[in-house]
**Q** 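Pasting a structure here, questions to come.
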Number of protein chains: 2
Amino acid sequence: MDINNIIHGNCIEKLNDIDDNSVDLIYFDPPFFTQRKHTLTNKDNSKTFAFDDKYNSIEEYLSMIERVIEQSKRILKNTGSVFLHCDKTASHHIRLVLDRVLGRDNFQSEIIWTYKRWSNAKKGLLNAHQVIFFYSKTQDFKFNTLYTDYSATTNLDQILQDRERNANGKSVYKRDEYGNTVLGKEKRGVPLSDVWEIPYLNPKARERTGYPTQKPVVLLTQLINIATDEGDLVLDPFCGSGTTCVAAKYLQRKYIGIDISGDAVELAKMRLEEMIISESNLLNKGVNEYYEKTEKELALLQNINAFPVQRNSGIDGFLKEHFGGAPVPIKIQKEDETLEDAIKKLEKSSHGKNYIMKILIQTKETNVSRLFRLETDVTILKSLELQTKELANKNNKLRAAKVLQ
Amino acid sequence: MDINNIIHGNCIEKLNDIDDNSVDLIYFDPPFFTQRKHTLTNKDNSKTFAFDDKYNSIEEYLSMIERVIEQSKRILKNTGSVFLHCDKTASHHIRLVLDRVLGRDNFQSEIIWTYKRWSNAKKGLLNAHQVIFFYSKTQDFKFNTLYTDYSATTNLDQILQDRERNANGKSVYKRDEYGNTVLGKEKRGVPLSDVWEIPYLNPKARERTGYPTQKPVVLLTQLINIATDEGDLVLDPFCGSGTTCVAAKYLQRKYIGIDISGDAVELAKMRLEEMIISESNLLNKGVNEYYEKTEKELALLQNINAFPVQRNSGIDGFLKEHFGGAPVPIKIQKEDETLEDAIKKLEKSSHGKNYIMKILIQTKETNVSRLFRLETDVTILKSLELQTKELANKNNKLRAAKVLQ
DNA sequence: ACCGTCCCTGAATCATTGG
DNA sequence: TCCAATGATTCAGGGACGG
């Protein structure tokens, strides 16, 4: 069969053309049994893509899935793996099929892909994850451990220490004859876990094709990295817009994509030529880069029932309750800001918005002129810490005066 | 059946004693079908707790689960919900049982509890999540939406704006006649999603060495908060060390716990009786903070550079810096306290101590007489929240006056 | 009662613009 | 050339409503 190509047709038939024991990784992302038809239009409204996810019964759906899994088992190398992407709708049924066909012992992980999404009016919890079942063909599966950074709260000193078991079998830090802790071998970071927080494909991302249910390339590169090496063969029997193949090509793996829709095949082929992959700032920098509030500032905002705003030099938060029908912006004076600067920044950020009340929390003693204060409609409240400090100063003066008497 | 108690026995028998349609929330956390006996020893090695998770077959295990779910359905009110906590080992089998007994339409969410943990040497991905299936008894289930903070990357300025449809039917931001954006309605934050990142260890208790099977209290308080109101009845048929009951008691819900192990029942009873003391002896000291001080009070104390004090009705904390060589006690006025009461309590707790300065943080509007204030040497500072509230009132009056003119 | 269709929602984040 | 600020666009959505 053609390597590095997208094949048009029903995967159950087309998989017959693939040799036994020839594929290293199969990722598939079948319809989720939503019992809906999914339609989406590309950016310039020139093309509408659709696929049908309606079945007469769950049995009909599962029998389709089962046939694909059976074929997958046949064509997979002994070191190969299957990744089946689904959501909560039918995941339990699907996993039973996987257990039956591939064997319960070959179940490796239930990967949770989690993302933030715009909310809706649903009663209940907002859906924010999908599931990827990871099964190997045998116990001798290929696996590359990826490492992630230690979390900010980890005590690095501590994890660098070696451990041993004490008399009770508890794991304790190893100590030398002088009672000092012993440093262990070099650490490479935290092994990748089974919960993957990867941003949902953004409405504005250039990577977006207009094909419904398109997955981010980053999700696929991670899968491909853990289960294959360069030159290995990756297969996607429901390739849709071709994300899997794009990721495989990017990572210098061979690929085969199959899809029943001619539109999808055409789109996937085009994507493979263009290879547009959006850089995710969020993933590159990590979410912590975006958090710029100190614990103290967050505590202060919580205190006055405000939610925090990140990355805005003029506004640190908004009160949860409106005033006069408008939001109330809050700014907290920074350590290196004069009161005057702080007021100016808040005013600039509020310009053109019809805020009725704006609040600045003063955190430092100041000698701003009374005149200047009157020219602004920013209300200044003194932080409790400042009030405490001023109080202490005043009391000190009183005590000093007493001593003089 | 006894309300607010822990019952010793097999839950399948004991559930018979509970009336039909009487329970608001059932959380259960059965053995995960690990086919192992779990043994854990507490910190000072004085006591070993064990439970058996070995079954002859998955069918035997599932039939046990099914009987509990059937009973659950019977005793649940029509507005009630079931939360079943399990892990990937048998989750798919368990969900089939849930679908069968409670009905597929009553499936609400697959909640993912994710946490960071120590790495191990296992080939493959590090497990970092467990699953909680959320089913309601009917479509008319009780649900309180909780709100979380906006993502750090969210442009809050923008989403506060109102929107409308333009000529092409596209949704665009609304502007007034001068081209300024129009502010929309009040925002409450982002509805809680189905992925919950909650550390195994309470973040305020990093020093804690651990008690692995125990669930974090925050996990349980969150479940109880979304599905019940104060005074509602919470049941845990596999209550173990009693975390569910502790959380229920903390949130002023009624509770029933059942466990087959005498040791567990004893432990749970002790935790409930002396919630704070047992917590600190058995687990850690940091959890104290969680129980006695509300988050808001902790934030406020942090705000003025004070550390919290537990179990003293007159003093909530002390400033980290002394004044005049003496500590400075802080009290925060409680929701149900008059300013006068608060002052008296603080004075009583400070009696005989040579505090030079005592600070009361006023949190509610009051009409205490000026005279009374002068008789005390307690300094009263107004919380920022109160200042904001007073400011809003004042501005409202000004606006009202303007309208009259 | 059940389906399809229409209409509403709302926060996330990358691309673009601005300095 | 880089960083910061701004806003466009969405919908493995969800509910209401009418035939």
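Sequence lines set the chain letters: A, B, ... in the order given, protein chains first and strands last, and positions in each chain run from 1.
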**Q** Roughly how many Å is it from CD in A:E207 to P in D:dT10, rounded to a whole number?
**A**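 Computing the A:E207:CD to D:dT10:P distance gives 16 Å.
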**Q** So, A:E279 and A:R206, do they make that salt bridge, N to O below 4.0 Å?
**A**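 No, A:E279 and A:R206 are not salt-bridged.
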**Q** For the base of D:dA12, is there a side-chain donor-acceptor partner from A:D29 under 3.5 Å away?
**A**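 Yes, a donor-acceptor pair under 3.5 Å.
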**Q** Counting the atoms with a prime plus P, OP1 and OP2 as sugar-phosphate, which does A:N281 contact under 4.0 Å by heavy atoms, base, sugar-phosphate, or nothing?
**A**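 Sugar-phosphate, backbone atoms only, no base.
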**Q** Starting at the 5' end of DNA chain D, which residue's closest nucleotide do you reach first, A:R208 or A:K204?
**A**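 Looking at the nearest nucleotide for each, A:K204 comes out on the 5' side.
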**Q** Could you state the atom-to-atom distance from CD of A:E289 to P of C:dC14 in whole Å?
**A**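 Rounded to the whole Å, the gap is 14 Å.
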**Q** Which is true for A:F32 with a 4.0 Å heavy-atom rule: it touches a base, it touches only sugar-phosphate, or it touches nothing?
**A**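 If one applies the 4.0 Å heavy-atom cut-off, A:F32 turns out to touch a base.
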**Q** If you measure from the C1' atom in C:dC14 to the same atom in D:dA12, how many Å do you get, rounded?
**A**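 Those two atoms are separated by 22 Å.
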**Q** Using only modelled atom types and a 3.5 angstrom limit, is any donor from either the side chain of A:N202 or the base of C:dT13 paired with an acceptor on the other?
**A**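 Yes, a donor-acceptor pair under 3.5 Å.
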**Q** With P as the reference atom in both, quote the distance from D:dT9 to D:dG13 in angstrom, rounded to an integer.
**A**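 Going atom to atom, P in each nucleotide, I get 23 Å.
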**Q** Indicate, yes or no, whether a donor-acceptor pair under 3.5 Å links the base of C:dA11 to the side chain of B:Q158.
**A**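 Per atom types, no contact qualifies.
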**Q** D:dA12 C1' sits how many Å from B:E110 CD, rounded?
**A**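 Those two atoms, CD and C1', are 14 Å apart.
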**Q** Rounded off to whole Å, could you give me the CZ-to-C1' distance for the A:R36 and D:dG14 pair?
**A**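 A:R36 atom CZ is separated from D:dG14 atom C1' by 9 Å.
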**Q** So, for A:Y27 and A:F83, is the gap between ring centers shorter than 6.0 Å?
**A**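 No, too far apart.
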**Q** From CD of B:E186 over to P of C:dT9, roughly how many Å is that when rounded to an integer?
**A**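 Atom CD in B:E186 sits about 16 Å away from atom P in C:dT9.
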